[in-house]
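In what follows, a structure is listed as structure tokens, so that the remarks can point back to it.
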Number of protein chains: 2
Amino acid sequence: MMRMPQRPYHHGDLRTALLDSAERTLRERGTAALSLRELARETGVSHAAPGRHFKDKQALLDALALTGYERLAQSLEAADDPALPLEPRLTALARAYLSFAVRNAALLELMYARKHDTDLSEQLTSAVDRSVGSFERLISDAQRRGEIVEGDSERITLVAAAGIQGLAAFTANGSLDPEVALAGVDEYVHHVLHGLKPR
Amino acid sequence: MMRMPQRPYHHGDLRTALLDSAERTLRERGTAALSLRELARETGVSHAAPGRHFKDKQALLDALALTGYERLAQSLEAADDPALPLEPRLTALARAYLSFAVRNAALLELMYARKHDTDLSEQLTSAVDRSVGSFERLISDAQRRGEIVEGDSERITLVAAAGIQGLAAFTANGSLDPEVALAGVDEYVHHVLHGLKPR
DNA sequence: ACCTGAACACCGTTCAAGT
DNA sequence: ACCTGAACACCGTTCAAGT
């Protein structure tokens, strides 16, 4: 916890400090435990100070969601190797998403619960698009090579991504053991590509 | 709103009245707007009265989630026609789930956010199992007929259900238009059964 | 058995005033 | 420009006391 004993009147980077503290609380004690006043206390600042940087609690949550999407997009981009054949490529991407979901369950919940009417929604939209983009690129690439059925690539991305999102949701709320989920990704991807009907 | 002007000292069925009021609030104004004190006010009872019927707020939310699962299980069972061929049968089930998700978005969110450590968790578990059961039965039936690949039927159910859950999640949080989602169910089910790879 | 009223320890938000 | 302290209107929860 270690706080600087004599912080100067101006914090310096209160906004960042609040976001960091919020994310730690989120990870350690869940969404319900997140209070602006406690955040302020932990950061060694008056309870009214957060109001300078976030117009209200929702604004802080939105900012938190934004950093989440940015990190997710980055993880997905780092995990995507266009040189890989379709199935391992999709598997890697699915693994990256699921592993983000496992490591950031509460944050992901918050990311999906967003009420999109803030003034950072352009940034949010772009971060979301970046995340979806990795999947979309994979699908279009595969379609171009004839490795995936033709049709609206957005819809097909939805099919592929919906299942992974579902697995992530089952994992986040405890219906599915994280290790089982991660281990089962290969099987999942295989089923999605080959279908549940026998060939 | 119409309240009985001179309610007797004992409400009669306060528990049910609170749950009904809670569900209406949930539907009309979302989870964030749900407060025990307001519920008590709406029901015309003191703010401490709910404490007699629910040990705390979470207990009320759990009870609400339970009724949700019971209704969901019922919808799914009503929608499942074992006489139907595989694809239309799964489509009907998926439609029923998605339509529940659309009509009860906030409730579903709550159902998935459950912290399962209440004393009604046996009932909850059984209601959840009933819901999953409809999907599992469909999968096992189809496997028996050789219409679906062999393998652990629980895992395969997971694959089928995860995608539908994902669609529901995308719909509930506004990423996907409800009508588009419902209309796209057929396509989704088709892809899941036949796979994304060309045959 | 069921409900009330007061009390307690929390919230989020606002706003004059301080540095 | 940034932060404080007091104030306001809310919470959830508890507990003696009332019916």
Side-chain angles (χ1 to χ4, degrees), chain A residues 3-26 28-65 106 110 113-115 117-119, chain B residues 3-26 28-65 106 110 113-115 117-119:
Chain A
R3 272 200 293 283
M4 286 302 110
Q6 255 118 249
R7 188 183 51 76
Y9 191 80
H10 288 76
H11 180 283
D13 198 358
L14 182 54
R15 202 191 124 93
T16 308
L18 288 169
L19 285 175
D20 287 352
S21 183
E23 215 209 303
R24 196 158 28 81
T25 304
L26 205 57
E28 291 170 6
R29 303 191 285 125
T31 319
L34 211 75
S35 110
L36 284 182
R37 283 177 106 110
E38 186 175 323
L39 249 37
R41 250 174 273 137
E42 271 174 9
T43 319
V45 98
S46 93
H47 66 256
R52 283 294 123 193
H53 298 275
F54 303 98
K55 107 173 194 298
D56 57 19
K57 193 181 181 182
Q58 189 57 49
L60 184 140
L61 296 183
D62 288 346
L64 218 46
L110 197 147
R114 76 194 186 283
K115 332 268 170 274
D117 42 27
T118 355
D119 50 6
Chain B
R3 273 201 290 285
M4 286 301 110
Q6 256 118 249
R7 187 184 50 77
Y9 192 80
H10 288 76
H11 180 282
D13 199 359
L14 182 53
R15 203 191 122 93
T16 307
L18 288 169
L19 285 176
D20 286 354
S21 182
E23 216 210 301
R24 197 157 28 81
T25 305
L26 205 57
E28 291 170 6
R29 302 192 285 127
T31 320
L34 211 76
S35 110
L36 285 182
R37 283 177 106 110
E38 186 175 323
L39 248 36
R41 249 175 274 137
E42 269 176 12
T43 319
V45 99
S46 93
H47 65 256
R52 283 293 123 192
H53 298 275
F54 302 100
K55 108 174 193 298
D56 57 20
K57 193 181 182 181
Q58 187 58 48
L60 183 140
L61 297 183
D62 288 346
L64 218 46
L110 197 147
R114 77 192 185 281
K115 332 273 170 268
D117 43 28
T118 357
D119 51 5

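Reminder, nothing fancy here: chain letters follow the sequence lines and each chain counts from 1.
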Below 4.0 angstrom from OP1 or OP2 of [N], is there any side-chain N or O of [X]?
X	N	value
A:H53	D:dC3	yes
A:S46	D:dC3	no
B:R52	D:dT14	no
A:S35	C:dG12	yes

Can A:R29 and A:E38 be counted as an ion pair, charged N to O under 4.0 angstrom? yes
Whole-Å distance separating the [atom1] atom of [X] from the [atom2] atom of [N]:
X	N	atom1	atom2	value
A:F54	C:dG12	CZ	P	14 Å
B:L39	D:dC10	CG	P	16 Å
A:R15	D:dC3	CZ	C1'	17 Å
A:L18	D:dC3	CG	C1'	12 Å
A:K55	C:dT14	NZ	P	9 Å
A:L60	C:dT13	CG	P	10 Å
B:L34	D:dC11	CG	C1'	13 Å
A:R37	D:dA7	CZ	P	13 Å

Drop me the distance from A:S21's OG to A:R41's CZ, to the nearest 0.5 angstrom. 11.0 Å
When rounded to the nearest 0.5 angstrom, what is the spacing between CZ in A:R15 and OG1 in A:T43? 13.5 Å
Please tell me if the side chains of B:H53 and B:L60 come closer than 4.5 Å, counting only heavy atoms from C-beta onward. no
Answer whether the closest heavy-atom distance between the side chains of B:Q58 and B:L61 falls below 4.5 Å. yes
Exercise: identify the closest heavy-atom pair between A:A22 and A:L34: O-CD1, 3.4 Å
Nearest-neighbour nucleotide for the [X] side chain, [options] considered:
X	options	answer
A:A49	C:dC11, D:dC3, D:dT13	D:dC3
B:K57	D:dC11, D:dG12, C:dC3	D:dG12
B:L36	D:dG12, C:dC3, C:dC11	D:dG12

Need to verify one output field. Residue with the more 5' nearest nucleotide on DNA chain C, B:D13 or A:H47? B:D13
Between A:D56 and B:A48, which residue's closest nucleotide on DNA chain C lies nearer the 5′ terminus? B:A48
Dot-bracket, DNA chain C: Watson-Crick or G-U, under 3.5 angstrom, [ ] crossing, | other strand? ||.|||||...|||||.||
Under the side chain to side chain contact (heavy atoms under 4.5 Å, CB included) criterion, do A:F54 and A:L19 qualify, and how do the steps go? CA-CA 10 Å; A:F54 303 98; A:L19 285 175; 3.9 Å; yes
